[in-house]
Amino acid sequence: EVQLQASGGGLVQAGGSLRLSCLISGSEFRFDEYVVGWFRQAPGKEREVVSCNSRSDRSTYYIDSVKGRFTISSDYNKNTVYLQMNNLRPDDTAVYYCVAGVSFDDELGYYEGEYDTWGQGTQVTVSS
């Protein structure tokens, strides 16, 4: 069974940085068979995809509001996916979830239903 353990959230002032980590466990997980990414859900809003990588990081997606500020990366040796978040803004405040889903092609995953494994969520709060 694949499991995800997210960490790294916290309280930061606007303009600051945080790095989220997602440790992936489970013998069946392989980066060349899974799409991985991050979703977030702000209070009173729907959950949205923030960033994702296709199998083996062949393609990457960022939601427009984080382009140029957030970077997704994977450490294959540590089985960990990161989300480096720079120049944070108050509207980045949300619970962030790491996600993983089995993929049979090199397409990105934009929708919740494409991911069958979710981490527990980590709170990111950006003060103005």
Side-chain angles (χ1 to χ4, degrees):
E1 179 187 6
V2 176
Q3 292 185 328
L4 309 179
Q5 177 84 32
S7 61
L11 173 63
V12 64
Q13 288 189 330
S17 297
L18 284 173
R19 188 178 77 160
L20 305 184
S21 300
C22 178
L23 176 62
I24 305 171
S25 60
S27 60
E28 61 268 42
F29 177 82
R30 293 167 54 98
F31 276 105
D32 62 356
E33 295 179 350
Y34 278 76
V35 59
V36 295
W38 295 88
F39 278 68
R40 69 184 179 186
Q41 187 166 24
K45 295 188 177 181
E46 292 188 356
R47 198 151 48 187
E48 62 181 0
V49 60
V50 177
S51 179
C52 58
N53 271 337
S54 64
R55 298 184 310 179
S56 300
D57 300 346
R58 289 192 178 97
S59 299
T60 301
Y61 167 82
Y62 296 99
I63 196 172
D64 284 347
S65 61
V66 309
K67 285 180 181 177
R69 300 188 298 122
F70 290 13
T71 303
I72 189 172
S73 62
S74 301
D75 186 327
Y76 292 1
N77 291 327
K78 295 182 178 179
N79 254 27
T80 300
V81 179
Y82 301 99
L83 185 67
Q84 178 67 43
M85 306 185 295
N86 298 329
N87 194 20
L88 282 160
R89 308 185 312 212
D91 60 357
D92 294 317
T93 295
V95 177
Y96 285 71
Y97 300 88
C98 61
V99 294
V102 176
S103 177
F104 300 100
D105 53 35
D106 290 333
E107 297 296 318
L108 293 160
Y110 303 105
Y111 307 105
E112 294 184 36
E114 297 177 89
Y115 298 93
D116 49 21
T117 305
W118 291 67
Q120 82 282 16
T122 185
Q123 176 70 47
V124 172
T125 303
V126 184
S127 63
S128 57

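When reading the values below, keep in mind they use all heavy atoms of this one structure, side chains included, and skip hydrogens, waters and symmetry mates. Owing to the predicted nature of the structure, the values given are computational and were not obtained by experimental measurement.
- Closest approach of Ser51 and Ile72 over heavy atoms only: OG-CG2, 3.2 Å.
- Trp38 does not carry Arg19 over the face of its six-membered ring by the limits of under 6.0 Å from the centre and within 45° of the normal.
- Between the side chains of Ser56 and Asp32, not a single donor N or O lies within less than 3.5 Å of an accepting N or O.
- Using a 4.5 Å heavy-atom cutoff, the side chains of Tyr96 and Leu83 are in contact.
- Residues meeting the salt bridge (charged side-chain N to carboxylate O under 4.0 Å, His left out) test with Asp105, sequence neighbours left out: none.
- Relative orientation of the Tyr61 and Tyr110 rings is perpendicular, given thresholds of 30° and 60° on the angle between their planes.
- Aromatic ring centres of Tyr34 and Phe29 lie closer together than 6.0 Å.
- Listed for the Asn79 side chain is no donor-acceptor partner under 3.5 Å among the backbone atoms of Ser25.
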Side-chain donor/acceptor pairs under 3.5 Å, residues 2-18, sequence neighbours excluded:
residue : atom : partner : partner atom : Å
Ser17   : OG   : Asn86   : OD1          : 3.0

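- Contact check for Asn53 versus Val35: no side-chain heavy atoms found under the 4.5 Å cut-off.
- A side-chain donor-acceptor contact under 3.5 Å links Thr93 to the backbone of Val126.
- Classification of the Tyr76-Phe31 ring pair by plane angle, with boundaries at 30° and 60°, yields parallel.
- Geometrically, Arg47 engages Tyr97 in a cation-pi contact, judged by NZ or CZ lying under 6.0 Å from the ring centre and within 45° of the ring axis.
- Between Tyr62 and Thr71, the closest heavy-atom pair is OH-CA, 3.3 Å.
- No side-chain heavy atom of Met85 sits less than 4.5 Å from a side-chain heavy atom of Arg69.
- When all heavy atoms of Leu108 and Glu114 are compared, the closest pair comes out as O-OE1, 3.7 Å.
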